There are 2 protein chains.
Amino acid sequence: MKSTNTRTHILDTAQELIQTVGLNAMSYANISQAVGVRKASIHYYFPSKDDLLVALLERYSPYFLRVVDTILDAPESAEVKLRRYCGLFEATLSSGKQDKVCLCGMLGAEIKTLNTPLSEQISRFYQQNEIRLTQLLNQGLSAGVFNFPGDAAAMAQLIFSLLEGELLIARAGKGVPHFRGVVEQLMQLVKQ
Amino acid sequence: MKSTNTRTHILDTAQELIQTVGLNAMSYANISQAVGVRKASIHYYFPSKDDLLVALLERYSPYFLRVVDTILDAPESAEVKLRRYCGLFEATLSSGKQDKVCLCGMLGAEIKTLNTPLSEQISRFYQQNEIRLTQLLNQGLSAGVFNFPGDAAAMAQLIFSLLEGELLIARAGKGVPHFRGVVEQLMQLVKQ
DNA sequence: GTCTATAGCGCGATAGAC
DNA sequence: GTCTATCGCGCTATAGAC
């Protein structure tokens, strides 16, 4: 999290604040204290809070989806790929000293406080994940390593909502063990 | 939502604000405007915001769980009971003019801004739902109407996280149709 | 029980010096 | 690029009249 330049340091800090506490904790005052510059310096890089949020999403979403694409293109079984995809969310939960949720999961809760371009960016993130999960599931069905009723698209939506929700629920209680238990249950469901 | 007395009207309005927009929208000013009394009158019933939140949870959680108990005790198949349980969440999403999420789901996102008694109330709500879902699933397994791999407790955790997450995800996009598709997929998974 | 008035704070944002 | 200083706003909360 120690960053080479101020701009990146601000982005990292802002993201951490949202993922751990929420959008409202991402204040110029809080970022200022964590980064070690004055509030006015943050306004220099990101004049308004919306500017900062847009930059955050434009960095987070493509990065996350690129990692997902890497998982999908790897020469592994669909089962391993799905475990790795779930592992991305587990890593979010357990990275750092405080439990984190997905950036777009947290912003989903606060979506009604955001303007349209921002809410569309978040909605697009959800859709893109569902699309990739559908591909992953279809790979597994074709290869015969997955065997579940219903169709892949509905299953993909189920899995994505499950992972986003699980980050929130696990954080309130048993944490990573709760998360892992649910992922194991999911793996049994898709394999049959 | 038109209430007989001011106190109830305040509670109803506060809950609606949290479920649609978030905890931060539940301000004395916003409630004041919606209820038609001055801010000071709200402080008369609920001196601090925490007092209001506690009252809200002490009303919501027992009520919701009592409805769940009614579903569990009904002379229906476990399949119908599970559909009705999911229906409680769908009703939350589609009641009113704005999409709502579960009160405790929304507060789960903002849980790190709450003090310990409140976060424990929310955590307890999650646990109580998981316990009742486990019972429901075991009923279905015993009766032979459910047939899924893994154990009922893990499946219950999966379903609860799924429903809480789905409320957030569906709100950002396709709404009720998205929700229904996921519930149908879930029903196929438990029935096999 | 409901009101007016006000205190005190944190917030987002801007101007202008260096 | 970073700073000090400041503005105006909305917030939670309280005192005191009616």
Side-chain angles (χ1 to χ4, degrees), chain A residues 2-58 103 106-107 109-119, chain B residues 2-57 106-107 109-119:
Chain A
K2 260 281 129 56
S3 315
T4 49
N5 64 80
T6 305
R7 194 191 130 94
T8 306
H9 200 171
I10 292 168
L11 286 171
D12 292 343
T13 304
Q15 184 175 328
E16 171 109 5
L17 283 168
I18 296 177
Q19 290 188 271
T20 51
V21 190
L23 181 56
N24 224 274
M26 190 202 83
S27 67
Y28 284 86
N30 283 346
I31 299 171
S32 164
Q33 194 177 19
V35 174
V37 293
R38 299 307 208 154
K39 288 192 296 172
S41 301
I42 303 168
H43 280 286
Y44 167 78
Y45 293 100
F46 307 100
S48 80
K49 215 173 157 175
D50 270 10
D51 295 323
L52 178 45
L53 263 178
V54 167
L56 227 36
L57 285 171
E58 280 176 352
L103 178 66
M106 180 64 87
L107 292 179
E110 333 217 36
I111 203 165
K112 290 284 151 66
T113 70
L114 304 175
N115 60 30
T116 318
L118 279 167
S119 64
Chain B
K2 260 282 127 57
S3 315
T4 48
N5 64 81
T6 305
R7 193 190 131 96
T8 305
H9 200 171
I10 292 169
L11 284 170
D12 292 343
T13 304
Q15 184 175 329
E16 172 110 3
L17 283 168
I18 296 178
Q19 289 187 273
T20 50
V21 190
L23 180 56
N24 224 273
M26 190 203 83
S27 67
Y28 284 86
N30 283 346
I31 299 170
S32 163
Q33 194 177 21
V35 174
V37 293
R38 299 307 209 156
K39 290 190 291 174
S41 300
I42 303 168
H43 281 285
Y44 167 77
Y45 292 100
F46 307 99
S48 80
K49 215 174 158 174
D50 270 10
D51 295 323
L52 177 45
L53 263 178
V54 166
L56 228 34
L57 285 170
M106 179 64 87
L107 292 179
E110 334 217 37
I111 202 164
K112 289 287 152 62
T113 69
L114 304 175
N115 60 30
T116 319
L118 279 166
S119 64

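Below, chain A is the first sequence line, B the second, and so on; all start at residue 1. All of these numbers come straight from a predicted model, not from anything done at the bench.
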Next on the checklist: Strictly under 4.0 angstrom, non-hydrogen atoms only: write out the protein contact profile of nucleotides 11-18 of chain D, one letter per nucleotide from the 5' end, B, S or -.
Outcome noted: SBBB----
Next on the checklist: Once side-chain hydrogen bond (donor to acceptor under 3.5 Å, both in side chains) is applied, do any residues pair with B:Q15, and if so which ones, sequence neighbours excluded?
Outcome noted: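 B:Q15 satisfies side-chain hydrogen bond (donor to acceptor under 3.5 Å, both in side chains) with B:Q19, B:R59 once adjacent residues are dropped.
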Checklist entry - In whole Å, what is the span from the OH atom of A:Y45 to the P atom of C:dA13? => result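 It is 18 Å, rounded to the nearest whole Å.
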Next on the checklist: Rounded to whole Å, please give me the gap between CD1 in B:I42 and P in C:dG1.
Outcome noted: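 Roughly 15 Å, once rounded to whole Å.
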Next on the checklist: For A:M26 versus A:L56, what's the shortest heavy-atom pair and its separation?
Outcome noted: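 That closest heavy-atom pairing would be SD-CD2, 4.2 Å.
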Checklist entry - Can you name the nearest heavy-atom pair linking B:N30 to B:A25, along with the distance? => result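 Nearest pair, atom of B:N30 first, then B:A25: ND2-O, 2.7 Å.
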Next on the checklist: Per the side chain to side chain donor-acceptor pair (under 3.5 Å) rule, what does the pair list look like for residues 43-52 of chain A, sequence neighbours excluded?
Outcome noted: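 Listed by first then second residue: A:S48-A:D51, A:D50-A:N115.
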Checklist entry - Side chains of B:L53 and B:L107: does their closest heavy-atom pair fall under 4.5 Å? => result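 When only atoms from C-beta onward are counted, B:L107 and B:L53 do touch, with a gap below 4.5 Å.
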Checklist entry - How about B:E16 and B:D12: do any of their side-chain heavy atoms sit closer than 4.5 Å? => result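 No, their side chains stay 4.5 Å or more apart.
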Checklist entry - Is there a side-chain polar atom (N or O) of A:Y44 under 4.0 Å from OP1 or OP2 of D:dT2? => result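 It does not, given that no N or O in the side chain of A:Y44 lies less than 4.0 Å from OP1 or OP2 of D:dT2.
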Checklist entry - Is the phosphate of C:dG1, meaning OP1 or OP2, less than 4.0 Å from a side-chain N or O of B:S41? => result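 It does not, given that no N or O in the side chain of B:S41 lies less than 4.0 Å from OP1 or OP2 of C:dG1.
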